[in-house]
Amino acid sequence: MQMRKLHPEIGAEIIGVTMADVAANDDIYRAVRAAFEEYSVLLFRKQPISDETQVAYSSKFGPLETAKAASLGEGTPFSILTNIDPVTKALVPPGHKEDLRAKANQLWHTDSSFRALPALASVLSARTIPGEGGETEFVSQRASWNRLSPALKEKLSNCYAWHSYAHSRGKIDPTLASQRERDTLPPACWRMRWRNPVNGRDALYIASHTGAIEGIDQGEALKLIDELLAISTEPGHAYTHVWEPGDVLMWDNRASLHRGRPWPGNKPRYMIRTTISCTKDDGLAGVRPPQ
Ligand code: OGA
Ligand code: MN
């Protein structure tokens, strides 16, 4: 197995082993797991990907999430991100729910921070790519943490923030999160510094989903969240992934932010994500402290 760095701050391509090899061999899994802990984003190219291989690979890393209520793939391990209408197979028009969801994915975020158990990792495979636009971008939240002042690091180490699906969807359209989604996904509260249990490295844990901070006035909290997102996404720090057929990306949701990029609405894009839940071994950032 060889590795090639994708960006000075984040990411490595894994060369010489396939995802099926990882699923089948514990030594290969351990090497890839170490690369995941180190680089936060892993790229596999030219994979003969199937749903079965994606699940077998992802399951090595931990328990899989089931796709959210009211999403394409609900109740299965597959979250489907697409502009193809599942019933008519036509491309969805602007303003369609899947179009608005794609727009919400274009806000910098980390996956499932609003769940009762956040996501350790996401595995996204390209099934149909638009040939133009539709890139996925990543920043290292370890690098972001390191750019904060000592005083801010000290403060955020003991701050707990609320993450809500309705909050991020509301930035796109106030009706995008339905009542069923709101009922099944109540907000969750996590420490704003996530320390990796394997290497002790700290990461800033915020997202488009973050809408409040314990003990901080709401107006001030929103301002601080915006300032932190601006620091994380300062120009020059992002790795932009230009998808090719057969590409699969995996990322560490504890230590990175990502966002999709727009693509022309007349071009189909079909991506399948499997998502690995945190367990207590993943340095889970801790729930809201007692009041
Ligand atoms: C995701 C996501 C962005 C994209 O799969 O979690 O945010 O480019 N994807 O599709
Ligand atoms: Mn995402």
Side-chain angles (χ1 to χ4, degrees), residues 6 10-11 40-44 49 51 54-55 57-58 61 64-68 71-74 76-84 91-92 96-115 118-141 163-165 167-169 171-172 176-177 181 185 188 205-210 229 232-233 238-245 247-265 267-278:
L6 298 173
I10 192 163
S40 305
V41 173
L42 301 182
L43 167 63
F44 291 85
I49 194 77
D51 293 354
Q54 189 165 341
V55 164
Y57 172 90
S58 305
F61 290 81
L64 301 190
E65 281 184 2
T66 50
K68 289 186 285 294
S71 66
L72 298 180
E74 174 176 358
T76 77
F78 306 108
S79 292
I80 300 181
L81 294 86
T82 188
N83 61 340
I84 304 171
L91 294 178
V92 302
H96 184 277
K97 196 169 180 189
E98 297 310 324
D99 176 57
L100 297 176
R101 286 183 163 163
K103 289 198 162 59
N105 270 333
Q106 289 161 20
L107 303 172
W108 285 106
H109 67 282
T110 186
D111 291 330
S112 303
S113 62
F114 46 78
R115 288 206 186 210
L120 167 71
S122 302
V123 177
L124 186 64
S125 65
R127 306 300 180 99
T128 302
I129 50 177
E132 184 188 340
E135 302 88 352
T136 308
E137 294 192 318
F138 296 88
V139 292
S140 165
Q141 287 291 67
H163 296 247
S164 146
Y165 181 73
H167 180 76
S168 55
R169 303 304 113 160
K171 292 178 179 176
I172 302 300
L176 183 51
E181 289 170 294
L185 295 169
Y205 194 59
I206 50 164
S208 58
H209 315 301
T210 317
L229 284 170
S232 294
T233 60
Y239 165 66
T240 300
H241 185 68
V242 179
W243 291 91
E244 290 179 16
D247 280 359
V248 182
L249 279 176
M250 175 185 210
W251 60 87
D252 185 342
N253 285 297
R254 302 167 300 178
S256 60
L257 288 179
H258 64 278
R259 67 170 178 179
R261 301 300 290 149
W263 73 95
K267 303 257 168 73
R269 185 176 190 263
Y270 194 91
M271 314 288 283
I272 297 187
R273 195 182 91 199
T274 41
T275 315
I276 299 125
S277 280
C278 273

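Read the numbers this way: they start at 1 and go in the same order the structure lists the ligands and their atoms. Along the sequence shown, residues carry numbers from 1.
Near L81, meaning under 4.0 Å from any of its heavy atoms, are these atoms of ligand 1: 1 (C), 2 (C), 5 (O), 9 (N), 10 (O). Residue H258 has at least one heavy-atom neighbour below 4.0 Å for each of these atoms of ligand 1: 1 (C), 2 (C), 6 (O), 7 (O). Applying the 4.0 Å criterion to heavy atoms of T136 picks out, from ligand 1, the atoms 4 (C), 8 (O). Atoms of ligand 1 lying under 4.0 Å from any heavy atom of D111, numbered from 1 in the order shown and given with element: 6 (O). Atoms of ligand 1 lying under 4.0 Å from at least one heavy atom of N105, given by number and element, are 7 (O). The atoms of ligand 1 that sit less than 4.0 Å from any heavy atom of H109 are 7 (O). Taking a cut-off of under 4.0 Å to the non-hydrogen atoms of G260, the atoms of ligand 1 that pass are 3 (C), 4 (C), 8 (O).
Residue contacts with ligand 1: R261 is excluded, as none of its non-hydrogen atoms falls under 4.0 Å. At least one heavy atom of W251 sits closer than 4.0 Å to an atom of ligand 1.
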Verdict with supporting geometry, L81 and L124, side-chain contact (heavy atoms from CB on, under 4.5 Å)
CA-CA 10 Å; L81 294 86; L124 186 64; 4.1 Å; yes
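The aromatic rings of H241 and W243 sit perpendicular to each other, their planes meeting at more than 60°, with 30° as the lower class boundary.
Distances between N or O atoms of R273 and those of ligand 1 include at least one value under 3.5 Å.
With a 4.5 Å cut-off on side-chain heavy atoms, H163 and Y205 count as touching. The closest side-chain heavy-atom distance from F138 to L249 is below 4.5 Å.
Between E74 and K68, none of the side-chain N atoms (NZ, or NE/NH1/NH2) sits under 4.0 Å from a carboxylate O, so this pair counts as no salt bridge. A salt bridge is absent between R254 and D111; no separation between the charged side-chain nitrogens and carboxylate oxygens falls under 4.0 Å. Salt-bridge check for E181 with R101: passed, with a basic side-chain N closer than 4.0 Å to an acidic carboxylate O.
Angle NE2(H258) to the Mn ion (ligand 2) to NE2(H109): 90° [nearest 10 degrees].
A ring-centre distance under 6.0 Å is not found for W108 and H258.
Put simply, the side chain of H167 never gets that close to the backbone of Y165: no donor and acceptor are under 3.5 Å apart.
No other N/O/S atom of D111 lies as close to the Mn ion (ligand 2) as OD1 does.
Regarding atom 10 (O) of ligand 1, its nearest protein heavy-atom neighbour is R269 NH1, 2.9 Å.
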